[in-house]
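Values in this document were obtained by computation on a predicted structure and should not be read as measured data.
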Amino acid sequence: MTDVKTAFESLAWGPAPESAAPAREWLDAHGRRFGLYVNGAWGEPGDTFTVRDPATGAELALVTQASDADVDAAVAAARAALPGWQALGPHGRARWLYAISRGIQRRSRLFAVLESLDNGKPIRESRDIDIPLVARHFAHHAGWAQLLESEFPGTTAVGVAGQIIPWNFPLLMLAWKIAPALAAGNTVVLKPAEYTPLTALCFADMLRELGLPPGVVNIITGDGRTGQAMVAHPDIDKIAFTGSTDVGRAIRAATAGSGKKLTLELGGKSPFVVFDDADLDSVVEGVVDAIWFNQGQVCCAGSRILVAESVAEALVAKLRARMEKLRVGSPLDKAVDIGAIVAPVQLERISALVEQGKTEGATCWQPSWSVPQEGLFYPPTLFTNVSPAAVIAQEEIFGPVVVLMTFRTPDEAVELANNTRYGLAASVWSENLNLALDAAPRIKAGTVWVNCTNAFDAASGFGGYRESGYGREGGREGLYEYLKEVRPEPAAAPRSGAVDPGRAATPSAAPLRGAAANLPPIDRTPKLYVGGKQARPDSGYALDVLTLDGGRAGEVGGPRQPQGHPQRRRGGAQGAARLAARHRPQPIAGALLPRREPRRARAGVCRAAAAAHWRGRARGSRCGDRALLHLGGVGGQVRRCGAPHADAQRHARDARADRGDRHRGPRRGAAAGVRLAGAAGGGDGQRRGGDPLGAVPAPRHRPLPGARDVGCSRRRGEHRHRTPQRAACSARRPR
């Protein structure tokens, strides 16, 4: 173990592991064996295959290999659920999408840890990027579902959508597919990648808990044979695929002539163009995000750096220095930059392409440190002196490997950027905005970023050209992929009062009465009381609230992490400590009192025994032999204060006088005209003159009509009030 002196001198990064307990508990609760999620229920596991942790090789779970009969059952369930899902109307579907978004937020820590275990990506990326984007997509498309009829008139849902997602962003790709499909009124059969199915199964488990209507979303697992059965199924109306170009080409051939709508988001070899006036320090960090984000397993990774020849050497030096500081290790370590490669076959492909690049004469550079020997890890790699026709400059490596080439003019930069069969994304870096905006439109890519990279949002459509596929996902463009135009049959003759065919084809916005009863409630998360105000819990997981019989009544947020500046928090504590003991119970009592009570009751007040006096309905009522003290909602207690009859009358008179003139500050009266001591844990219950209540009578004066208290003037001994005539009260303070 490293001693304190050595750690202080080296300032080396120490491990900061994230606990895997929530994910392992969820896996254990399912016996680490999963069937298929079809028609709102889990099926019995059949033939299974093993899902492993790429960082350690440990077995995580056994997952069912779906057969052709399983695919038929899932499609039949989706087809049966389609009329009911469309009958909910736009508002009903919007509520379900919002409920899914809130469910993801409440389980964000579970999803993040499970994603890192299953995929191998660092916990920082899954926790801070992937999961928030997933929730954002469902919330965004809840809005589109609400506006569907007004923004897309004359359209209707495609029907049953078959969706096949990759292993690099398992949960994010699921959201990209399912959210627009449900918003448009479709039902879904989704197949996750065989390497990373666990977060999709966890998502299905969440849908079951939320009570989504059966058959609306069906999740089946399996390898390429399951996907092939989905593509060939005659009762699927739409295929959405994200993956390799080779598989996408095969899907296009299989669906040709079938009438199925098709969306393909395939591979890329994205250019990262750096002009000579670019900020190189920002460029270096951009390269880190472009190619070493998610271990380079990103379809739009900036794997080709095209840099101006005049600054190439300086950029290479900065890149090498930055690569030396990158950290490769356990995905659950919050200090790690690069995690594990998803599967052995992918690691072998990366190694083979790197060796081929060396054989072709390119210069390979890797950091001096070595990667962990246990698990599937590969170091960040930089190739220089690369020919534009080299294999590593043309083929998608899909790993932490980047090639660097140079150019001399902007036209040459654009030609090199377009020298690829892909066209998914590009990034342009320059301090000259005119130069950047001149080059960006000339690059043939679906998305071009300027001075940034990998900037995604649910409102922005994403897709490519050429062999990067076609169609868009996200935003308004992505929603069109799940809609089709309605072509009404021509009527024999128009009738008086006939409805326009285009409008008649659009479903009614009002949900059915029977379906409305099954809508989820609007999720209003119970808030916490932190820092003097209500705040949403940010722990990333929820705690179940159980009924007496052990049932689940609801959820509340987990513990909130302390936020805000530590000096500010400490200052608030010191400010409370400076208060006298007699002042501390008042905010406690005020916070616990129900809001429906009169404001003057929050601090507590000596009151008459009669209920009429407590309500203020008979302010001149007689006091009883002994007065009562109501502790402003603290436990609902009513105690005898022990004050004699004369003191009770005086306290009531002072309280009535103070109701018209609120003093400011802790020493100038209270909400009810008295100060409490000894209530709710504070003080000794005594004040000046041995008053057992510790009460300070309020000044006995009246403001002018329409006046507002602006504080007391001690020098003049009078109390000022602001009025439209700027008059002043002549009442004297009691001496």
Side-chain angles (χ1 to χ4, degrees), residues 18-30 37 40 42 92-118 123-143 145 169-176 178-179 182-183 198-213 216-217 219 332 458 518-530 533-547 550-563:
E18 176 81 15
S19 173
R24 300 193 186 281
E25 289 175 2
W26 179 80
L27 292 171
D28 292 337
H30 288 265
Y37 182 76
W42 290 106
R93 295 193 294 270
R95 289 182 63 158
W96 274 114
L97 287 165
Y98 179 73
I100 294 172
S101 176
R102 291 294 300 127
I104 291 168
Q105 288 178 324
R106 292 198 303 269
R107 298 162 177 80
S108 60
R109 186 163 177 256
L110 169 62
F111 279 118
V113 173
L114 192 61
E115 187 88 324
S116 293
L117 284 175
D118 197 20
I123 185 66
R124 290 188 306 172
E125 297 176 5
S126 58
R127 178 195 63 193
D128 301 337
I129 299 176
D130 289 14
I131 307 305
L133 273 176
V134 171
R136 159 74 173 152
H137 269 271
F138 281 101
H140 175 79
H141 284 90
F169 292 94
L171 196 59
L172 184 58
M173 292 296 103
L174 177 147
W176 280 26
I178 291 183
L182 297 188
L198 295 184
T199 46
L201 296 174
C202 186
F203 178 82
D205 201 42
M206 182 195 72
L207 297 183
R208 181 185 58 82
E209 293 180 3
L210 293 176
L212 186 73
V216 173
V217 174
I219 295 181
L332 292 181
N518 297 325
L519 292 179
I522 298 297
D523 189 335
R524 296 179 176 89
T525 303
K527 295 181 180 179
L528 308 179
Y529 189 75
V530 179
K533 61 183 180 180
Q534 289 185 319
R536 286 189 181 275
D538 62 356
S539 60
Y541 60 95
L543 305 175
D544 290 337
V545 178
L546 303 181
T547 60
R552 183 168 168 274
E555 292 178 333
V556 294
R560 181 180 174 90
Q561 299 294 329
Q563 293 186 353

Give the minimum heavy-atom separation between Ala183 and His141, together with the two atoms involved.
-> CB-O, 3.5 Å
Any side-chain heavy atom of Arg93 sitting closer than 4.5 Å to one from Leu182?
-> no
Side chains of Leu110 and Glu25: closer than 4.5 Å at any heavy-atom pair?
-> no
Who are the side-chain hydrogen bond (donor to acceptor under 3.5 Å, both in side chains) partners of Ser19, not counting sequence neighbours?
-> none
Has the side chain of His140 got a donor or acceptor atom that lies under 3.5 Å from a matching backbone atom of Arg136?
-> no
Between Ala145 and Leu97, what is the shortest heavy-atom contact and its length?
-> CB-CD1, 4.0 Å
In plain terms, say whether Glu115 and Arg127 are close enough for a salt bridge, that is, a side-chain N and a carboxylate O under 4.0 Å apart.
-> no
Lys/Arg-Asp/Glu bridge criterion (N-O < 4.0 Å) met for Arg106, Glu209 | no
For the residue pair His30 and Leu201, establish whether any side-chain heavy-atom pair is separated by less than 4.5 Å.
-> no
Roughly how far, to the nearest 0.5 Å, is CD1 of Ile219 from CG of Leu174?
-> 5.5 Å
Just wondering, do Pro213 and Trp96 contact through their side chains at under 4.5 Å, heavy atoms?
-> yes
Looking only at heavy atoms, what is the nearest atom pair of Ala23 and Leu114, with distance?
-> CB-CD1, 3.9 Å
Shortest non-hydrogen contact between Cys202 and Trp26, atoms and distance = CA-CZ2, 3.4 Å
Pairwise side-chain contact, Phe138 with Ile178, heavy-atom cut-off 4.5 Å (strictly under) | yes
Listed by chain and number, what are the side-chain contact (heavy atoms from CB on, under 4.5 Å) partners of Arg208, not counting sequence neighbours?
-> Tyr37, Trp42, Asp205
Taking Ser101 for its side chain and Ala135 for its backbone only, find out whether a donor-acceptor pair lies under 3.5 Å.
-> yes
Non-hydrogen side-chain atoms of Asp130 and Leu171 separated by less than 4.5 Å = no
Taking C-beta and beyond as the side chain, do Leu207 and Ile100 meet within less than 4.5 Å on heavy atoms?
-> yes
Atom pair CZ (Phe169) and CH2 (Trp176), whose distance is rounded to the nearest 0.5 Å = 8.5 Å
So Leu198 and Leu117, side chain to side chain contact (heavy atoms under 4.5 Å, CB included) or not? Walk me through it.
-> CA-CA 9 Å; Leu198 295 184; Leu117 284 175; over 6 Å; no
Arg107 side chain vs Gly103 backbone, donor-acceptor pair below 3.5 Å | yes
Rounded to the nearest 0.5 Å, how far does CG of Leu332 lie from OG of Ser126?
-> 8.0 Å
Under the side chain to side chain contact (heavy atoms under 4.5 Å, CB included) criterion, do Arg109 and Ile131 qualify, and how do the steps go?
-> CA-CA 9 Å; Arg109 186 163 177 256; Ile131 307 305; over 6 Å; no
